[in-house]
Protein chains: 2
Amino acid sequence: MDPHPGRGCTLADVLAIGDFSRLTHLSVRTLRRYHEAGLLVPARVDAATGYRSYDPDQIPTAQVIHRLRELDVPLPDVRRVVESPDPEERAALVARHLRRLEAELDRTRAAVSSLRRLLDPEPAPLAVELRAVGEQTVAAVAAEVDAGDVPAWYAGAMAELAAVLTADGADAGPGGPAGGVYDNALFEEGRGRAVVHRPCPDPPRRGRVHPLTLPAVELAVATHVGPHDASDVTYGEVGRWLVDNALTVAGPVRETYLVGPPDTDDPAAWRTEVGWPVFRVVP
Amino acid sequence: MDPHPGRGCTLADVLAIGDFSRLTHLSVRTLRRYHEAGLLVPARVDAATGYRSYDPDQIPTAQVIHRLRELDVPLPDVRRVVESPDPEERAALVARHLRRLEAELDRTRAAVSSLRRLLDPEPAPLAVELRAVGEQTVAAVAAEVDAGDVPAWYAGAMAELAAVLTADGADAGPGGPAGGVYDNALFEEGRGRAVVHRPCPDPPRRGRVHPLTLPAVELAVATHVGPHDASDVTYGEVGRWLVDNALTVAGPVRETYLVGPPDTDDPAAWRTEVGWPVFRVVP
DNA sequence: GTGGGGCGTCCCGCGCGGGGAGGGTCAACA
DNA sequence: TGTTGACCCTCCCCGCGCGGGACGCCCCAC
């Protein structure tokens, strides 16, 4: 039962890596890796043998690292936390990661709900409609973004757009729901151009907001109900409809936010019109 | 704006991989990988060129896969889901994964709370006590388990133990709180022997339950308050105390569940006595 | 027929952990 | 005094799921 018979293990004021491993419940391999990463440097390293020695005072640090890793905090970020001496700064760094975790949790919840819908044996049929949309002048915020950053970017851009338009005060409120335009590359390569916009007869140019003219297109539109990150289910159904009707996609998708975050906090109640520009293959 | 100028893209009754990618928002690379993994096999593969063709009916399947992957379901498990034709079986498989996710969420919550405690600038001092424990005969359930499986195994073993002991009826309820014994290898190598037990003067032998004699040891004990998977914080503090008192660890750790799941559902109220067997280095 | 996009395969990288080989080190024992 | 056995070291490989890049063929519109 003796964990290391045949050796004294004095547990003096420094600890061999094996003893430290036992006390922290971190594996020896992992401790070595953390040393290599500069995350948890042993108190002493024997120059001749390379043996690592740890100070008992390092136990709490090791445990903080352990916990952060359990929360899937990347090693470089863990390092930033354990290196910052100020408790407040540490707390702020940790809080930031907790917010990240919450966002991930939201994502998970959305995935679960849309999965339920997908596996529903009696899916509600989706109404897809072909609609000609004329050229349109809007106030827009546009950027090249990574797919993962879309929700955050969307929130910021929408907020700025709303702020500029209401401050502008030229019109009695925006003349219709906000919309978005998303490059296909965003979905195919994980990065692409994204635009959010609001209809505005004489768009201002302030901050990131600028006038933009959306070309006329023919859209296959359907209404997506639920959180935005489940919209690809609806896109898929629209795509299916396109195929059945011998149409082909012709440009970046367009969205119209009929009911969204400014209206209600309940994502299940959001209504987004998604539209895929099309070509007619057969006239 | 045409996503693939220079080519007709008929969107006939089969789709080229690029078109399918656009319709499902899965990257071309990922689709190829899913084919290779047998997860989403194209409807047709041209024998001469190797070109993949997808059927529009495969769009929903692709989306289910997409969602499951968002939930970090491993590819082999995803495959099991999409291959099972029975909706009920699929629902059951998915439900199992959702339960796994919930367990992970619990783990995350526990990590967060113990992280807060670790970063608390004013930690409550921990009372560690040295206690001689005599030989003890108990009814036990023992197994060689993986570290990750401990919570699940613990729940099952405790339930069986309780069922057998109350059915046995030889005594008016167990004569004390339940306990556990955990090999150090469990923490160091991620796999080791685990035992849960209840004191019992004449232990029965039924199912996995069997009599066991725990050897007499000298224990450094402290009381851990909170969920079980945060106990290593307390272990670390006990270890620190051991070092300061020139003691060395001598065997598998022991736990006593003073207040646990059978008493209350609130992990924050659980009280576990953790004990580390020790040698005296200096008499 | 030619150009440029699509598509194919192959290999490498990431982050974090584990497995295993091969060899040096240290203490207790005969 | 040597032997034994645990301990520790370094180095390389594998796993997961995804992406990047190189390289070459295919196919269609012009």
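Source: prediction; values computed, not measured. Residue numbers begin at 1 in each chain, while the letters A, B, ... track the order of the sequences.
- Of the possible donor and acceptor atoms, one in the side chain of A:Thr24 sits under 3.5 Å from a partner among the backbone N and O of A:Phe20.
- B:Tyr235 and A:Gln63 are not linked by any side-chain donor-acceptor pair at a separation below 3.5 angstrom, with hydrogens and angles left out of the test.
- For the segment residues 40-48 of chain A, no residue has any heavy atom less than 4.0 angstrom from an atom of DNA chain D.
- The CG-C1' distance, from B:Leu31 to C:dC7, rounds to 13 Å in whole Å.
- Between the P atom of C:dC26 and the CG atom of A:Asp19 lies a distance of 15 Å, rounded to the nearest Å.
- The aromatic rings of A:His228 and A:Tyr154 sit perpendicular to each other, their planes meeting at more than 60°, with 30° as the lower class boundary.
- At a threshold of 4.0 Å, the pair A:Glu36-A:Arg32 does not count as salt-bridged, since none of the basic side-chain nitrogens sits closer than that to a carboxylate oxygen.
- Whole-Å rounding puts the B:Ile17 CD1 to D:dC26 P distance at 17 Å.
- Of the charged side-chain nitrogens involved, at least one lies within less than 4.0 Å of a carboxylate oxygen, so that A:Glu237 and A:Arg117 count as a salt-bridged pair.
- Between A:Arg32 and D:dT10, a side-chain N or O to OP1/OP2 separation shorter than 4.0 Å is absent.
- Distance NE2 (A:His35) to C1' (D:dC8): 14 Å, rounded to an integer number of Å.
- Atom pair B:Asp77:CG and D:dC16:P shows a separation of 12 Å (rounding to whole Å applied).
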What one-letter contact string describes nucleotides 15-24 of chain C from 5' to 3', where B marks a base within less than 4.0 Å of any protein heavy atom, S marks contact via sugar-phosphate atoms alone, and - marks no contact? -SBSBB---B

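- The phosphate of D:dC9 has OP1 or OP2 within less than 4.0 Å of a side-chain N or O from A:Arg52.
- A distance-only check finds no donor-acceptor pair linking the side chain of B:Arg99 to the backbone of B:Ala103 [under 3.5 Å].
- For B:Ala143, the side chain to side chain contact (heavy atoms under 4.5 Å, CB included) criterion is met by B:Val145, B:Trp153, not counting sequence neighbours.
- Not one N or O on the side chain of A:Glu70 forms a donor-acceptor pair closer than 3.5 Å with the backbone of B:Ala110.
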